[in-house]
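Every value quoted in this text rests on a predicted model; they were computed, and no experiment measured them. Atoms within a ligand are numbered from 1 in the order they appear, just like the ligands themselves.
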Amino acid sequence: MAEVITITSGKGGVGKSTATANIAVGLALSGQKVVAIDFDIGLRNLDMILGLENRIVYDVVDVMEGKCKLSQALIQDKKTPSLYFLPASQSKDKTILDKAKVKALIEELKADFDYILLDSPAGIEGGFEHAIFWADRALIVVTPEVSSVRDSDRVIGIIDAKSDKAAHGQKVQKHLIINRIKPELVESGQMLSSQDVLKILAIPLIGLVPEDEKVVSATNCGEPVIYDDKSISGECYKRIVRRIAGEEVEFVEFKTQGSILKTFKRLFK
Ligand SMILES: Nc1ncnc2c1ncn2[C@@H]1O[C@H](COP(=O)(O)OP(=O)(O)O)[C@@H](O)[C@H]1O
Ligand SMILES: [Mg+2]
């Protein structure tokens, strides 16, 4: 029976789809059977990050409307064959998803997969409501900015109020990913530190990911950065995947010029 993990945030552009792609690949590389579903109706881009955009024939709405079978719409990744992908519809109608049909789809997938990852859109309507409703676990992605943290706080409240689990008196497990950290700015006091963010949101941390240009080049190549063994963000995503599987793993320390100098001075004191 699959675990449903929803990747969400308050704001757009904070790295949800990037996180979904990397975690999906990472879980699949660890031997799990994974399906990633893009709930960002009208604005698909998870397909591009996964490098699967040229293979799309049917999408999630086609499945729900009975235009094709689920097996016809699922795209199997060639590089990591235990990873499957279900694309978002290009429909302009953001209310096109139907609760009972989404439920039927997720139930069908649950029987066949270990993990179902739902990439939620920005905002708190349409695809977002469907993506959070079925979550067993929510990964909330924030950037260290006041606006992002504030919007996420709202989203956490909505998950607690409006998920299927909440309707049954249960709790959705919630974890925080802080993305696009710029260590130099944190050190100079110009960016919120991860401690600052954690104090405000008070949910357990599952990942820290720095700002890394390799994320951008990986997206352009359609090969998530987790495949790049030399990238620091790839290493951060590998650790997130291990934590999802229940392992306790140390957080990567981000070295800045200043912190290297401090260590150097300490060594030669
Ligand atoms: N750690 C990172 N370092 C640098 N760029 C990043 C990082 N994470 C995401 N990005 C970039 O930020 C932009 C938005 O990411 P995306 O995953 O599409 O966000 P969302 O799904 O939340 O809208 C993309 O251009 C992506 O490449
Ligand atoms: Mg997105």
Query raised in the report: Checking K33 against Y115: charged group under 6.0 Å from the ring centre and within 45 degrees of the axis?
Result: no

Query raised in the report: With a cut-off of 2.8 Å, does any N, O or S atom of N45 fall short of it relative to the Mg ion (ligand 2)?
Result: no

Query - Side chains of V252 and I232 in contact at under 4.5 Å (non-hydrogen atoms) - result: yes

Query raised in the report: Do any pairs count as a side-chain hydrogen bond (donor to acceptor under 3.5 Å, both in side chains) and have a residue in residues 45-64, sequence neighbours left out, and if so which ones?
Result: S17-N45

Quick check on ligand 1: any N or O pairs to the protein under 3.5 Å? One line per pair.
from: ligand 1; atom 1: 1 (N); to: N179; atom 2: OD1; distance (Å): 2.9
from: ligand 1; atom 1: 1 (N); to: P210; atom 2: O; distance (Å): 2.9
from: ligand 1; atom 1: 3 (N); to: D212; atom 2: N; distance (Å): 2.9
from: ligand 1; atom 1: 3 (N); to: D212; atom 2: O; distance (Å): 3.3
from: ligand 1; atom 1: 5 (N); to: R180; atom 2: NH2; distance (Å): 3.4
from: ligand 1; atom 1: 8 (N); to: N179; atom 2: ND2; distance (Å): 3.0
from: ligand 1; atom 1: 12 (O); to: R180; atom 2: NH1; distance (Å): 2.9
from: ligand 1; atom 1: 17 (O); to: S17; atom 2: N; distance (Å): 3.3
from: ligand 1; atom 1: 17 (O); to: T18; atom 2: N; distance (Å): 2.9
from: ligand 1; atom 1: 17 (O); to: T18; atom 2: OG1; distance (Å): 2.6
from: ligand 1; atom 1: 19 (O); to: G15; atom 2: N; distance (Å): 3.0
from: ligand 1; atom 1: 21 (O); to: K16; atom 2: N; distance (Å): 3.4
from: ligand 1; atom 1: 21 (O); to: S17; atom 2: N; distance (Å): 2.9
from: ligand 1; atom 1: 21 (O); to: S17; atom 2: OG; distance (Å): 3.0
from: ligand 1; atom 1: 22 (O); to: G13; atom 2: N; distance (Å): 3.4
from: ligand 1; atom 1: 22 (O); to: V14; atom 2: N; distance (Å): 3.2
from: ligand 1; atom 1: 22 (O); to: G15; atom 2: N; distance (Å): 3.0
from: ligand 1; atom 1: 22 (O); to: K16; atom 2: N; distance (Å): 2.9
from: ligand 1; atom 1: 22 (O); to: K16; atom 2: NZ; distance (Å): 2.9
from: ligand 1; atom 1: 23 (O); to: G13; atom 2: N; distance (Å): 2.8

Query raised in the report: Is there a donor-acceptor pair under 3.5 Å between the side chain of R239 and the backbone N or O of E250?
Result: yes

Report task. Verify the neighbour count for atom NZ of K214: are there more than 12 heavy atoms of other residues, nucleotides or ligands below 6.0 Å? Result -> yes

Query raised in the report: If you draw the axis of the six-membered ring of Y227, does the NZ or CZ of K79 fall within 45° of it and under 6.0 Å from the ring centre?
Result: yes

